[in-house]
Structure formats: structure tokens, C-alpha cells
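This report concerns only the one structure given below.
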Amino acid sequence: MECKVKWTGDGMSFLAETGSNHTVVMDGAPDAGGRNLAPRPMEMLLAGTGGCTAFDVVMILKKGRHAITGCEVSLKAERADNEPKVFTRIHFHFRVSGKQLKPDAVARAIELSKDKYCSASIMLGKTAAISHDFEIVED
């Protein structure tokens with residue numbers, strides 16, 4: 001995996017070019033010289049973690065032939081007060097929709113993501129207390 005991040009030369013705005021040929025803009029907070037034009041790098045890290053675990057949950061439920069039609073995960077994170085301001089707590093709230101989804105199957109998919117498949121959340125779990133909950137929405 002590769003990525004190149006380049007300062008745009010304008011404030012604290014950066015352009016990331018991924019190995020899969022996609023670009024993402026990041027910017028800093030105004031109090032740090034940014035102009036609030038794009039997500040902060042730490043927000044991108046949190047968003048990537050949400051995407052990683054949601055991907056796993058959907059894939060696991062689909063492979064189990066469960067009738068999943070939607071998956072949202074809301075993440076709330078706390079960071080250390082002092083540098084380095086690592087994540088210290090992250091709570092994941094899953095909202096999974098489908099037809100007759102079994103709570104045990106959804107819980108198992110989330111556990112498999114947490115314990116085995118989601119590299120991002122497993123890595124962040126080295127500094128942060130990770131918690132999860134979920135709700136099922138019947139279609």
C-alpha cells in the first residue's frame with residue numbers, strides 16, 4: 001500500500017494521492033493555520049476506521065446470506081489532552097437494516113470485525129478503549 005501526501009502551499013491544506021489512484025484533500029483547523037476546507041487528518045483516520053469496520057460487517061452478513069440492506073456506523077472519539085493527542089476512547093454505534101436480521105448474527109459480525117478483520121480498529125485499540133453497540137432496523 002502506498003500514499004503520497006503533499007502540502008498544497010496554501011495555509012495548512014494537503015492533498016493525499018493513494019496507491020489506488022484516488023485523491024483526498026485534508027485541511028487544518030483555523031487556529032492551526034488551516035481554512036477548514038476539508039476534513040482534518042485525524043477525522044480521516046476515524047472515518048477510515050468506520051469504513052473498515054462497516055465493510056467487514058456488511059461482508060460478513062452478506063456471506064452468511066442475511067438480508068442486509070443498510071449499514072451505518074457512527075463513531076465518537078476522545079483524544080488525549082497532551083501531545084501526542086492519540087485517540088483514548090472510541091465508541092462505535094452500528095445501525096444495521098434488513099429483513100429479519102438476527103441480533104446474534106449482527107453481534108457476531110461486529111465481534112469478528114473488532115477481533116479479527118478490521119485492521120484499523122485493532123490498531124487504534126492499542127491506544128484507545130473501544131466499545132460497540134448496535135440497533136437493527138427492520139425493512
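Put simply, Val58 and Phe92 are part of the same group of oily side chains (I, L, V, M, F, W, Y) that touch within less than 4.5 Å, one to the next. The same ILVMFWY cluster, assembled from side-chain heavy atoms under 4.5 Å apart, contains both Phe94 and Ile130. Each of Ile60 and Leu101 belongs to its own hydrophobic cluster when Ile, Leu, Val, Met, Phe, Trp and Tyr are linked at side-chain heavy-atom distances under 4.5 angstrom. Clustering ILVMFWY residues whenever any of their side-chain heavy atoms sit less than 4.5 angstrom apart, transitively, puts Ile90 in the very cluster that holds Phe134. Linking ILVMFWY side-chain heavy atoms closer than 4.5 Å, directly or via other members, places Val57 and Leu75 in a single hydrophobic cluster.
Minimum interatomic distance between Val25 and Pro39 (heavy atoms only, all atoms of both residues): O-CD, 3.7 Å. Here the closest non-hydrogen pair linking Cys118 and Thr53 is SG-N, 3.6 Å. Heavy atoms only, all atoms of each residue included: Leu15 and Thr8 are closest at N-CG2, 4.2 Å. In terms of heavy atoms, Ile68 sits closest to Cys71 at CD1-CB, 4.3 Å. Minimum heavy-atom separation, Ala80 to Lys85: O-CG, 3.4 Å. Summarising the geometry of Val73 relative to Gly50, their closest heavy-atom pair is CG1-O, 3.5 Å, with the distance given to 0.1 Å.
Between atom CD1 of residue Ile110 and atom CG of residue Asp115 there is a gap of 11.5 Å, rounded to the nearest 0.5 Å. Rounding to the nearest 0.5 Å places CZ of Arg79 at 10.0 Å from CG of Leu46. The CD atom of Glu72 lies 6.5 Å from the OG atom of Ser74; values are rounded to the nearest 0.5 Å. One finds the OG atom of Ser113 at 6.5 Å from the NE2 atom of His132 (value rounded to the nearest 0.5 Å).
Without hydrogens or angle criteria, Thr127 side chain to Phe87 main chain gives a donor-acceptor distance under 3.5 Å. With hydrogens and angles ignored, the 3.5 Å screen pairs a side-chain donor or acceptor of Asp27 with a backbone N or O of Arg35. One N or O on the side chain of Thr88 and one on the backbone of Glu78 form a donor-acceptor pair closer than 3.5 Å. Within the 3.5 Å criterion, the main-chain N or O of His22 finds a donor-acceptor partner in the side chain of Thr18.
A salt bridge links Glu111 with Lys114; the closest basic N to acidic carboxylate O contact falls under 4.0 Å.
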message: Apply salt bridge (charged side-chain N to carboxylate O under 4.0 Å, His left out) to residues Asp56 and Lys116 and explain how you reach the verdict.
response: CA-CA 10 Å; Asp56 293 340; Lys116 185 173 183 180; over 6 Å; no
query: What's the verdict on side chain to side chain contact (heavy atoms under 4.5 Å, CB included) for Ile136 and Val106, showing C-alpha distance, side-chain angles and the deciding distance?
result: CA-CA 8 Å; Ile136 296 174; Val106 173; 3.8 Å; yes
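Of the listed residues (Arg89, His91, His93), just one forms a side chain to side chain donor-acceptor pair (under 3.5 Å) with Ser131, and that residue is His91. When each of Met42, Met12, Met44 is checked for a side chain to side chain contact (heavy atoms under 4.5 Å, CB included) with Met26, only Met44 meets the rule.
The aromatic rings of Phe14 and Trp7 are tilted relative to each other, their planes meeting at an angle between 30° and 60°.
Side-chain contact annotation: Thr49 with Ser121, donor-acceptor N/O pair under 3.5 Å absent.
For the pair Leu124/Leu45, a side-chain contact is recorded, criterion being any heavy-atom separation below 4.5 Å from C-beta on.
For Glu138, the CD atom is densely surrounded, since the number of other residues' heavy atoms within 6.0 Å is greater than 12.
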